[in-house]
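Worksheet: one structure, shown below.
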Amino acid sequence: MVESQEIARRGDATLMKLAATALASEAVAMLDEHPLTTQSLVVGLIGPGNNGGDGLYALAQLAELGCSILALQCTDKIHAEALADYTKAGGTLLPLSQGQDALANASLVIDAIYGIGYRPGADLPNLPRGARVLACDVPSGLDAATGLADDDVLLAERTLTFGAMKTGLLIGDGPLVTGELSVASLDFDFSEQNAQTQLVDENVARELLDQHRSWRDAGRHKYQRGVLGLIAGSELYPGAAQLTARAAVNCGVGLLRTHVPEEIAGLVAAAAPETVPLDDEQIREALSSARRYLHGRGAKISAWAIGPGLDSRTPPTGIIADVFTSRQPAVIDASGLELVPTGPSEQPRVLTPHAKELRMLLRRAGVSVTTEEIATDPVRWTRWAALAYNAVVLLKGPTSYIVAPNGSSLVVCHGAAQLATAGSGDVLTGILGYLLSDSSITGVSGLQTVSNSRMMELTACAASIHGYLGRITAKDGTVSASRLIDRLPAAMKEFGF
């Protein structure tokens, strides 16, 4: 175990103080989000082991920064060396039973009770409604290995985990109780590990988006800013095409060309008047021109978004199958997932199922699995789908998993629970379609193929933008797909657009 190796190499105290510094920094950031005119009171819930030691050392550092601090002892034992440091900093230690008034008045509560040492059935305190909680490593009441949480788990607004991501933070109940999740690496040495899954947070997403940007981007015309072809909608589901179209436009796509049923073409045009219709003949010209590497009018389509609102009960036109033969990257969602073929393909694709749709994809490929099995081991089953369809697969949920056919994977775990609403996935399709179409973001131009690794990165960026969008929208009210779209321009600006 890497943590044991690091303890042996650097010692308990050194690692705890490094963790405490990161924890104190996170606490300050949370306090700065809601500044007070009076002195901030930070209350630490302290457990028996190193997790409790992290909390005590962090409280001592916060005292030096001018915060008022209080430690509440939640178990019989306590880390002696950390307690001495905390006491030296002027801190007071009280039993939990005497701290209810302090908890009610706390600006922030640091949960440093159990961490990875939690065992089901252990006593957990009841916190006042609305308490802002920063979890140290793992929320108390959550099993770090399985993701199962007790009914009395301490719900965190933010969780700072140490060294590396724990499986239980990402599966099962984990995403529902951790709040915003970040990792403090503490310079752990993972050189002998073969980790294939990497976390993408908002900062990483910004770095990935910046990779191919240039000052020359300011001089691009609309065809160089991304031309997205959208194949979506039906008379039965007219709203999905409108939502995806509006999302792509609000992201800043250079040009959106839409292929929708005649019955809803007027609705899409009204929802997004910037769009230009695209008929079967123009699509065939686009595909033919692309195959000949010519720059015809149709070849200006640089990526496709396929699926939102298609009526799976009605056989689609053959044009969708033709698009699947192109080399232009595509995001495929919703009913489009029922049409995408298995096996080898020259087209770079991203499939964006939720758990039930992933089960459907796997069954089409001859693999029988339940949604419960997918929830227990999401990376494994998403890898099966990526291999079967020769595509990057984004498994959507509170934690999003992005997996390539070679098995490498990325994780985005900042999704807002409020994103579980009708049309939210259509918005994500519009965001990802835009990113795939923009050459300054993909790093390619013309008809060059986008690599699977870059497809993975852009998919993770889209999921990160989508999660951020959900959180900022939820701050001032309920969330709907239309409200998400209205917030998109401001969210895109936060990510450098």
Examine the side chains of Ser482 and Ser480 and answer whether a donor and an acceptor come within less than 3.5 Å of each other. no

Taking atom CD as the centre, does Glu235 end up with more than 12 heavy-atom neighbours from other residues, nucleotides or ligands that are less than 6.0 angstrom away? no

Is there side-chain contact between Ile264 and Ser234, with heavy atoms separated by less than 4.5 Å? no

Side chain to side chain contact (heavy atoms under 4.5 Å, CB included) for Thr275 and Arg257? Distances and angles first, verdict last. CA-CA 6 Å; Thr275 63; Arg257 305 201 68 178; over 6 Å; no

Could you check His259 against Asp280 for side chain to side chain contact (heavy atoms under 4.5 Å, CB included), going step by step and ending with a plain yes or no? CA-CA 8 Å; His259 183 276; Asp280 286 10; 2.5 Å; yes

Where do Ser409 and Arg383 come nearest, in terms of heavy atoms and distance? OG-NH2, 3.6 Å

Could you tell me whether a side-chain N or O of Glu494 sits under 3.5 Å from a main-chain N or O of Ala491, the two making a donor and an acceptor? no

What closest approach, in Å, do Tyr237 and Gly309 show between heavy atoms, and which atom pair accounts for it? CB-O, 3.5 Å

Just wondering, are more than 12 heavy atoms of other shown residues or ligands nearer than 6.0 Å to CD in Glu346? no

Does the Glu338 side chain pair with the main chain of Ser335, one donor and one acceptor, at a distance under 3.5 Å? no

If you look at every heavy atom in Ala58 and Leu23, which pair is closest and at what distance? CB-CD2, 3.8 Å

Note: Ala149 and Asp173 closest approach over all heavy atoms is N-OD2, 2.9 Å

When you measure from the side chain of Thr473 to the backbone of Gly470, do you find a donor-acceptor pair of N or O atoms at a distance under 3.5 Å? no

Is the shortest heavy-atom distance from the side chain of Ser424 to the side chain of His466 under 4.5 Å? yes

Leu351 versus Leu361: any side-chain heavy-atom pair under 4.5 Å? yes

Does some side-chain heavy atom of Thr352 sit less than 4.5 Å from a side-chain heavy atom of Leu395? no

Please identify which of these residues, Ile301, Leu228, Val227, meets the side-chain contact (heavy atoms from CB on, under 4.5 Å) condition with Leu255. Val227

Between Thr161 and Lys166, do the side chains contain a donor N or O and an acceptor N or O under 3.5 Å apart? yes

Check: Val350 and Leu432 side chains under 4.5 Å, non-hydrogen atoms: yes

Without swapping roles, check the side chain of Thr459 against the backbone of Met455 for a donor-acceptor pair under 3.5 Å. yes

Can you confirm whether Cys461 sits close enough to Leu435 that some side-chain heavy atom of one is under 4.5 Å from a side-chain heavy atom of the other? yes

Please list, chain by chain and in numerical order, all residues satisfying salt bridge (Lys or Arg N to Asp or Glu O under 4.0 Å) with Glu372, sequence neighbours excluded. none

If you take all heavy atoms of Arg364 and Leu339, which pair is closest and at what distance? NH1-N, 4.0 Å

Starting from the C-alpha separation in whole Å, work towards a yes-or-no answer on side chain to side chain contact (heavy atoms under 4.5 Å, CB included) for Ile171 and Thr146. CA-CA 7 Å; Ile171 65 173; Thr146 67; 5.8 Å; no

For Pro341, enumerate each residue passing the side-chain contact (heavy atoms from CB on, under 4.5 Å) test, keeping only those at least two apart in sequence or located in another chain. Phe324, Arg349

Any chance you could measure Ile465, atom CD1, to Leu484, atom CG, to the nearest 0.5 Å? 13.0 Å

Enumerate the residue pairs fulfilling side-chain hydrogen bond (donor to acceptor under 3.5 Å, both in side chains) with a member in residues 385-394, sequence neighbours excluded, ordered by first and then second residue. none

I'd like to know if Arg284 and Glu281 make a salt bridge, using a cut-off of under 4.0 Å between side-chain N and carboxylate O. no

Flag side-chain contact, heavy atom, 4.5 Å: Val331 against Leu394: no

Arg487: which residues meet the salt bridge (Lys or Arg N to Asp or Glu O under 4.0 Å) condition with it, sequence neighbours left out? Asp476

Show which side-chain atoms of residues 243-251 pair as donor or acceptor with protein atoms under 3.5 Å away, not counting sequence neighbours.
{"residue": "Thr244", "atom": "OG1", "partner": "Ala240", "partner atom": "O", "Å": "3.1"}
{"residue": "Thr244", "atom": "OG1", "partner": "Asp426", "partner atom": "O", "Å": "3.1"}
{"residue": "Arg246", "atom": "NH2", "partner": "Asp486", "partner atom": "OD1", "Å": "3.1"}
{"residue": "Asn250", "atom": "ND2", "partner": "Ile485", "partner atom": "O", "Å": "2.8"}

Check whether any side-chain heavy atom of Arg327 sits under 4.5 Å from a side-chain heavy atom of Gln347, and report yes or no. no

For Asp333, which residues count as a salt bridge (Lys or Arg N to Asp or Glu O under 4.0 Å) partner, sequence neighbours excluded? Lys396

